[in-house]
Protein chains: 2
Amino acid sequence: MKEKTGKVETDPSTEEKIKNAARTIFHKKGFAGTRTRDIAEEAGINLALLNYYFRSKEKLFGLIMMETVQGFLKSMTDVFNQKDTTLETKVEHLVSNYIDLLTEHPNIPIFILSELRNNPEEVVSKMKMKEFLMGSYFFQQMQEAMQEKRIAQVHPLHFIMNILGMTVFPFIAKPMLTAVGDMQEENFNALMQQRKKLIPQWVKSMLATG
Amino acid sequence: MKEKTGKVETDPSTEEKIKNAARTIFHKKGFAGTRTRDIAEEAGINLALLNYYFRSKEKLFGLIMMETVQGFLKSMTDVFNQKDTTLETKVEHLVSNYIDLLTEHPNIPIFILSELRNNPEEVVSKMKMKEFLMGSYFFQQMQEAMQEKRIAQVHPLHFIMNILGMTVFPFIAKPMLTAVGDMQEENFNALMQQRKKLIPQWVKSMLATG
DNA sequence: GTCTATAACGTGATAGAC
DNA sequence: GTCTATCACGTTATAGAC
């Protein structure tokens with residue numbers, strides 16, 4: 001038994017083992033590409049147990065999807081409505097949060113977005129993104145930043161897309177880069193760490209450009 | 001019969017109808033999520049005919065995947081090795097090409113990248129991206145541009161990721177934006193048209209930043 | 001070339017013993 | 001709670017008539 005943060009580290013419960021296995025496989029292969037047998041094997045348990053705990057593949061998938069989306073959005077919500085930080089700081093935190101999250105779980109973006117493609121309303125409708133995004137203090141700060149510079153106004157959404165695009169896209173395109181550019185896992189991660197500093201700088205210069 | 005570019009417009013052959021249907025469905029649902037029955041129905045033919053022409057689902061999929069990737073890369077290859085255009089012009093063309101392509105076929109990026117996630121080597125190995133990218137004149141021009149400014153050197157790959165990220169990511173995230181931000185299809189497309197001019201400007205300011 | 005009918009197989013889910 | 005064995009169904013692929 002190993003000690004960790006003062007708690008005894010027990011073996012994960014069967015339910016937990018199944019969920020962990022499901023997360024791994026679903027993230028990698030998507031709903032349609034996943035067989036419940038694979039999840040059971042990955043979890044080291046029997047197929048019947050999966051249905052015993054989670055009733056059906058769909059139920060289990062829904063659970064994983066919800067947790068995944070929540071985790072992904074948390075990196076945003078944590079930052080977007082801080083009242084006492086500058087825009088620059090928010091961008092730094094946002095980029096840093098996502099690069100850390102995606103370095104550890106690189107499959108999340110494709111997983112979410114490719115499943116979203118099938119049932120756009122199902123998942124998204126629960127998230128109230130519009131109020132969350134357009135009503136956020138972050139959004140307001142962006143508009144102010146552009147007004148100060150007296151530059152041609154562009155929709156703040158453009159900058160959101162840029163930040164997320166520059167941050168998230170490399171992880172989405174990672175299979176291309178690693179499989180092709182004879183880029184090793186470590187090299188890729190090193191590049192991503194560099195981007196924690198680079199992206200905020202670029203965003204700053206873009207905001208000045210308009 | 002309608003005339004078009006001097007050619008008589010005939011009905012597409014059965015083979016062509018099946019391929020068109022397959023492209024539509026595969027792009028939308030991926031390999032695992034697609035049923036050959038759906039392709040047959042979309043093509044308005046019988047299921048048996050699909051196997052008569054293409055032997056198997058896998059064969060048909062491989063064909064569609066190859067054509068799709070080629071079409072996607074063509075927008076790059078067309079631009080990357082032009083010797084007589086400036087870096088700025090190349091970026092403009094690249095961005096414009098992709099925004100036009102993706103406006104018409106918005107599912108292509110998720111399709112390619114989510115299928116790539118399953119068999120990275122299969123598809124990618126045939127493309128020799130490394131030589132193509134790192135050896136391109138475009139790549140060289142980027143390095144020169146940075147040297148001129150005497151700024152801290154960053155790997156040119158960062159800028160490639162930025163350009164593709166800013167250009168492609170919005171289409172990948174489109175389901176989120178449209179389903180949530182009560183963003184209409186037309187509004188989205190209008191934003192993308194704006195980006196044809198904006199992205200090259202931003203890239204320019206980024207290159208000056210380093 | 002195109003169809004209907006059906007074979008062959010894989011997968012999700014359950015029954016029932018322990 | 002956990003397992004083995006099996007059912008029930010959907011899907012790919014093919015046989016064979018036209």
Side-chain angles (χ1 to χ4, degrees), chain A residues 1 8-68 107 111 114-115 117-119 122-123, chain B residues 8-68 111 114-115 117-119 122-123:
Chain A
M1 292 238 197
V8 177
E9 202 180 81
T10 58
D11 277 359
S13 66
T14 302
E15 188 172 344
E16 208 58 41
K17 277 193 289 186
I18 297 174
K19 263 178 60 178
N20 290 337
R23 183 163 30 245
T24 302
I25 311 262
F26 277 138
H27 281 191
K28 191 149 53 190
K29 305 199 168 186
F31 177 78
T34 294
R35 291 171 307 177
T36 51
R37 283 170 162 78
D38 293 340
I39 297 178
E41 189 187 4
E42 171 86 13
I45 53 96
N46 188 274
L47 172 58
L49 265 187
L50 188 149
N51 290 288
Y52 173 76
Y53 278 102
F54 297 96
R55 286 284 296 168
S56 75
K57 180 186 181 185
E58 252 118 5
K59 289 270 196 347
L60 178 54
F61 178 80
L63 189 68
I64 298 297
M65 171 58 89
M66 205 195 61
E67 289 186 6
T68 302
N107 290 317
F111 168 73
S114 69
E115 296 300 330
R117 152 184 73 165
N118 300 323
N119 26 8
E122 181 97 1
V123 182
Chain B
V8 176
E9 201 179 83
T10 58
D11 276 358
S13 66
T14 301
E15 187 171 343
E16 208 58 41
K17 277 194 289 186
I18 297 175
K19 261 178 59 177
N20 290 338
R23 183 161 30 243
T24 302
I25 311 263
F26 277 139
H27 281 190
K28 192 148 52 188
K29 305 198 167 190
F31 177 78
T34 294
R35 292 171 306 177
T36 50
R37 282 170 162 78
D38 293 340
I39 297 177
E41 188 187 3
E42 170 87 13
I45 52 96
N46 189 275
L47 172 58
L49 266 186
L50 189 151
N51 290 291
Y52 173 76
Y53 279 101
F54 298 96
R55 286 284 296 170
S56 76
K57 182 188 179 183
E58 250 119 6
K59 288 270 195 348
L60 178 54
F61 178 82
L63 190 66
I64 297 297
M65 171 58 90
M66 205 195 60
E67 289 186 6
T68 303
F111 168 73
S114 70
E115 297 300 331
R117 154 184 69 165
N118 300 325
N119 25 8
E122 181 97 0
V123 181

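We name chains A, B, ... by the order of the sequence lines, and we start the count at 1 in each one.
The CD atom of Glu58(A) sits 10 Å away from the C1' atom of dG12(C) (whole-angstrom rounding). Here dT2(D) presents its P atom at 18 Å from CD of Glu41(A), a figure rounded to the nearest Å. In this structure, Lys57(B) places its NZ atom 12 Å from C1' of dA13(D), rounding to the nearest Å. Atom CZ of Arg55(B) and atom C1' of dG1(C) are 17 Å apart (whole Å). dC9(C) atom P lies 16 Å from atom CZ of Arg35(A), rounded to whole Å. Whole-Å rounding puts the Phe54(B) CZ to dT2(C) P distance at 12 Å. At whole-Å resolution of the value, CG in Asp11(A) and P in dT2(D) are 12 Å apart. One can place NZ of Lys17(B) at 8 Å from P of dT2(C), the figure rounded to the nearest angstrom.
Within 6.0 Å of atom CD in Glu41(B), 12 or fewer heavy atoms from other residues, nucleotides or ligands are found, so the atom counts as exposed in its surroundings. Within 6.0 Å of atom NZ in Lys57(B), more than 12 heavy atoms from other residues, nucleotides or ligands are found, so the atom counts as buried in its surroundings.
Under the 4.5 Å side-chain criterion, counting only non-hydrogen atoms from C-beta, Tyr53(B) is not in contact with Lys19(B).
Arg23(B) CZ to Leu63(B) CG: the interatomic distance, rounded to the nearest 0.5 Å, is 8.5 Å. To the nearest 0.5 Å, atom NZ of residue Lys59(A) and atom CG of residue Leu50(A) are 12.5 Å apart.
Between Thr14(B) and dT2(C), a side-chain N or O to OP1/OP2 separation shorter than 4.0 Å is present. Between Thr36(A) and the phosphate of dT11(C), there is no side-chain N or O to OP1/OP2 separation shorter than 4.0 Å.
Among the heavy atoms of the strands lying under 4.0 Å from Arg37(A) is at least one base atom, whether or not backbone atoms are also near. If you check every strand for non-hydrogen atoms under 4.0 Å, Ser13(B) touches nothing.
Contacts between residues 43-53 of chain A and DNA chain C, counted as heavy-atom distances below 4.0 Å, involve Leu47(A), Ala48(A), Asn51(A).
For Thr24(A), the side chain to side chain contact (heavy atoms under 4.5 Å, CB included) partners two or more places apart in sequence, or in a different chain, are Glu42(A).
Aromatic ring pairs are classed by plane angle as parallel below 30°, tilted from 30° to 60° and perpendicular above 60°; the pair Phe31(A) and Phe26(A) is parallel.
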